[in-house]
*Asks:* 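Pasting in a structure now, in structure tokens, and then I'll have a few things to ask.
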Amino acid sequence: MRLLARPHQLPPRTAAGVIILNSGLSKWSADEETAAGVHGMAVGTYPFLKNIEATRFVKLLSTAEIALGTALLVPAVPSLLAGAGLTAFAAGLLGLYLKTPGMREEDSLRPTQQGLPIVKDVWLLGIGAGLVMEELIYE
């Protein structure tokens with residue numbers, strides 16, 4: 001496994017890392033109402049999360065986003081590792097899009113206005129998968 005990111009990997013890693021780090025920092029001090037909303041949406045898609053209290057869930061999500069965002073921004077974190085984390089994170093977001101009622105037009109993958117902000121996260125999946133594939137193929 002390469003110990004440093006390749007120079008051409010830095011722009012997509014930085015783009016994704018800054019967005020995810022900002023999201024995590026924004027959630028860090030979420031109030032109870034915000035935590036309940038984020039938790040409720042997550043539970044609707046991933047029912048096993050219902051047993052985690054809302055403010056604890058958002059703190060855990062915030063911590064994960066801060067860690068992932070930082071990993072993407074630090075070139076010393078191998079791209080295979082950062083890319084795998086990003087791919088898993090993005091897959092979870094796209095799961096919300098696919099399974100949450102009202103996000104897609106009926107019998108279609110096309111987003112509704114409500115789904116557009118989440119389906120846009122497909123770029124994160126593309127970056128993560130690209131990093132992983134490159135490291136597995138060209139290492």
Side-chain angles (χ1 to χ4, degrees):
M1 183 176 346
R2 278 181 73 83
L3 296 180
L4 294 175
R6 301 168 204 260
H8 68 274
Q9 294 172 334
L10 295 177
R13 282 181 62 156
T14 300
V18 166
I19 296 296
I20 294 169
L21 178 60
N22 181 65
S23 179
L25 292 172
S26 297
K27 287 180 183 82
W28 184 257
S29 54
D31 60 30
E32 287 187 26
E33 183 179 340
T34 301
V38 171
H39 183 250
M41 187 170 183
V43 167
T45 301
Y46 303 109
F48 68 90
L49 296 173
K50 70 180 176 200
N51 295 326
I52 302 173
E53 190 263 325
T55 54
R56 177 167 165 68
F57 170 77
V58 170
K59 190 65 83 173
L60 291 169
L61 178 59
S62 170
T63 301
E65 289 180 337
I66 290 168
L68 178 57
T70 301
L72 287 160
L73 290 169
V74 175
V77 175
S79 288
L80 180 60
L81 181 63
L86 181 57
T87 300
F89 178 74
L93 291 174
L94 291 174
L96 286 172
Y97 171 72
L98 292 171
K99 295 180 181 181
T100 302
M103 295 282 175
R104 298 179 292 123
E105 292 180 6
E106 193 169 325
D107 298 323
S108 173
L109 289 176
R110 294 187 60 188
T112 61
Q113 285 298 93
Q114 182 184 354
L116 198 55
I118 293 180
V119 76
K120 284 182 180 179
D121 290 335
V122 72
W123 66 277
L124 295 172
L125 183 64
I127 291 171
L131 291 169
V132 169
M133 287 172 57
E134 179 178 15
E135 294 303 314
L136 292 176
I137 293 170
Y138 298 109
E139 190 57 24

*Asks:* Can Leu94 be reached from Leu131 by stepping across I, L, V, M, F, W or Y side chains whose heavy atoms are under 4.5 Å apart?
*Replies:*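 They do not share one cluster, since no chain of ILVMFWY contacts under 4.5 Å joins Leu131 to Leu94.
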
*Asks:* Following the transitive rule for hydrophobic clusters with a side-chain heavy-atom cut-off under 4.5 Å over Ile, Leu, Val, Met, Phe, Trp and Tyr, establish whether Tyr138 and Leu136 coincide in one cluster.
*Replies:* no

*Asks:* Return the minimal non-hydrogen interatomic distance between Gly83 and Val132, and the atom names on each side.
*Replies:* C-CG2, 3.4 Å

*Asks:* Linking I/L/V/M/F/W/Y whenever any side-chain heavy atoms sit under 4.5 Å apart, do Val58 and Leu49 land together?
*Replies:* yes

*Asks:* Roughly how far apart are Leu72 CG and Phe89 CZ, rounded to 0.5 Å?
*Replies:*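 Taking CG in Leu72 and CZ in Phe89, the distance rounds to 10.0 Å.
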
*Asks:* Report yes if the side chains of Ile20 and Leu124 come closer than 4.5 Å at any heavy-atom pair, otherwise no.
*Replies:* yes

*Asks:* Trp28: which other cluster members, linking ILVMFWY side chains closer than 4.5 Å, directly or transitively?
*Replies:* Val18, Leu21, Leu25, Ile66, Leu73

*Asks:* Side chains of Met103 and Leu96: does their closest heavy-atom pair fall under 4.5 Å?
*Replies:*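 Side-chain contact under 4.5 Å: no.
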
*Asks:* So which heavy atom on Gly24 is nearest to which on Ser62, and how close?
*Replies:*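 Heavy atoms of Gly24 and Ser62 come nearest at O-OG, 2.6 Å.
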
*Asks:* State yes or no: do Val77 and Leu10 share one hydrophobic cluster built from I, L, V, M, F, W and Y residues joined by side-chain heavy-atom distances below 4.5 Å, directly or via other members?
*Replies:* no

*Asks:* Between Thr63 and Lys59, is there a donor-acceptor pair closer than 3.5 Å when you use the side chain of the first and the backbone of the second?
*Replies:* yes

*Asks:* Nearest 0.5 angstrom please: Leu86 CG to Arg13 CZ, how far?
*Replies:*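 These two atoms lie 10.0 Å from each other.
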
*Asks:* Please name the pair of heavy atoms, one in Ser23 and one in Glu65, separated by the smallest distance, quoted to 0.1 Å.
*Replies:*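 Heavy atoms only, the tightest pair is OG-OE1, 3.0 Å.
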
*Asks:* Looking only at heavy atoms, which two atoms of Glu32 and Thr55 are closest? And how far apart?
*Replies:* CG-CG2, 4.0 Å

*Asks:* When you measure from the side chain of Thr87 to the backbone N and O of Ala129, does any donor-acceptor pair fall under 3.5 Å?
*Replies:*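 Yes, because the side chain of Thr87 sits within donor-acceptor range (under 3.5 Å) of the backbone of Ala129.
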
*Asks:* Would you check if the side chain of Thr45 reaches a backbone N or O of Lys99 as a donor-acceptor pair within less than 3.5 Å?
*Replies:* no

*Asks:* Count the heavy atoms belonging to other residues, nucleotides or ligands that lie under 6.0 Å from CZ of Arg56, then report whether that count exceeds 12.
*Replies:* no

*Asks:* Please round to the nearest 0.5 Å and tell me the distance separating atom OH of Tyr97 and atom CG of Leu116.
*Replies:* 8.5 Å

*Asks:* Side chains of Leu109 and Leu98, heavy atoms from C-beta outward: is any pair under 4.5 Å?
*Replies:* yes

*Asks:* Indicate if Ile52 and Val38 have the same hydrophobic cluster label, given that clusters are the connected sets of ILVMFWY residues with side-chain heavy-atom separations under 4.5 angstrom.
*Replies:*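 Shared cluster, yes.
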
*Asks:* To check you understand the geometry: which heavy-atom pair defines the closest contact between Ala16 and Ile127, and what is its length?
*Replies:*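 Looking at all heavy atoms of both residues, the closest pair is CB-CD1, 4.3 Å.
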
*Asks:* Would a distance-only check, ignoring hydrogens and angles, find a side-chain to backbone donor-acceptor pair under 3.5 Å from Arg104 to Gly115?
*Replies:*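 Here the side-chain-to-backbone pair does not exist.
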
*Asks:* Would you say Tyr46's side chain and Gly92's backbone share a donor-acceptor pair under 3.5 angstrom?
*Replies:* yes

*Asks:* Would you indicate whether Met41, at its atom CE, is surrounded by more than 12 heavy atoms from other residues, nucleotides or ligands within a distance under 6.0 Å?
*Replies:* yes

*Asks:* To check you understand the geometry: which heavy-atom pair defines the closest contact between Pro7 and Pro11, and what is its length?
*Replies:* O-CD, 3.5 Å

*Asks:* Stepwise, does the side-chain contact (heavy atoms from CB on, under 4.5 Å) test hold for His39 with Glu53?
*Replies:* CA-CA 8 Å; His39 183 250; Glu53 190 263 325; over 6 Å; no

